[in-house]
Amino acid sequence: MILTVTLNAALDLTYRVPRLQPHASHHVTAAAERPGGKGVNVARVLAALGHTTVVTGFAGGTTGETLRRHLAEDVPGGGAELVDSLVPILGTTRRTVAVVDASTGDTTQLNETGPDVTAEEWAAFTDVYARLLREARAVALCGSLPPGVPVGAYAHLVRQARAARVPVLLDTSGEPLRRGIAARPDLVTPNTAELAALTGSTEPLRAALDARRRGAHAIAATLGPEGVLAVTPDGRWRAAPPRRLAGNPTGAGDSAAAGLLSALVEGLPWPDRLTRAVALAAATVKAPTAGEFDPATYEDVLPHVKVTAA
Ligand SMILES: O=P(O)(O)OC[C@@]1(O)O[C@H](CO)[C@@H](O)[C@@H]1O
């Protein structure tokens, strides 16, 4: 199985409004509620691709219950098993709100901070994680940290995965990323803003090379509509979709992470991993909510992703 960790899981709400304007009242024309947080999105895409996936992290309160109920119901595309190993907490799982402006296609994201996690709950999680690592073929550590979880949490979890010889992907930001990358994860998947905040450089190749020097075995930077830039021990590549797709980009990075991890577990070479990541990200932009992708767009884009040396 593949393991995904979402320490700050969320109940994701997506609202569609005809046109988003500050200081105005809006009529919501469509609303959706999904289990979310980056690692949950990665897990849902992995399961849809046919990989048995275990979701861990924290869940609590009424939103936590709702999230777990949705997780049990909802494998998009009816793929492989999605196993809930979330650790219960006393606090209440956060909500996030994505507001999609139908006139432009732009999305505005509002993320709650998350519940307070106690030292005992964090200790209970690390025990569950150590047990799950024994069965895992790969692990993804994704998203922000809720209050109470130590800022070096990802560094600790990366070291545990490396000690267990389980390939580990890290997708986070800020200080947890800075510390996590120094623990030498196999793959880090920052977006351009995260990469710039980490390295101080807005030039993606320079920033990715710098990020790799900080300890990551490989970097696959997600560049939005431009695709993915990878700096790896086997080479450097850019992978780009054949055309720019309009839609909701929330969760596109998570789908790219799922593509990279599934292809790694399947033993595919880097160019094929990047091709899958880019096609899945494009197909996610064409799906209305994070954690889902449009299968027809995926099949359509996959043969046309362009991979070039960087
Ligand atoms: O606050 P974080 O953990 O960084 O991001 C949370 C989040 O906005 O990211 C996903 C999209 O990538 C959403 O489904 C999710 O709720």
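Counting convention: from 1, in listed order, for ligands and their atoms alike.
- Residues of the protein with a heavy atom under 4.0 Å from ligand 1 are A10, D12, G37, K38, N41, R94, T96, Q109, N111, G143, S144, T250, G251, D254, A290, listed by chain and number.
- Side-chain atoms of H26 and Q21 form no donor-acceptor pair, as typed in the model, at a separation below 3.5 Å.
- Atom CZ of R184 has 12 or fewer heavy atoms from other residues, nucleotides or ligands within 6.0 Å.
- A donor-acceptor contact shorter than 3.5 Å is absent between the side chain of D116 and the backbone of G148.
- No hydrogens or angles considered: nothing links the side chains of E65 and T62 as a donor-acceptor pair under 3.5 Å.
- In terms of modelled atom types and a separation under 3.5 Å, the side chain of R16 and the main chain of V28 share no donor-acceptor contact.
- Classification of the W237-W270 ring pair by plane angle, with boundaries at 30° and 60°, yields parallel.
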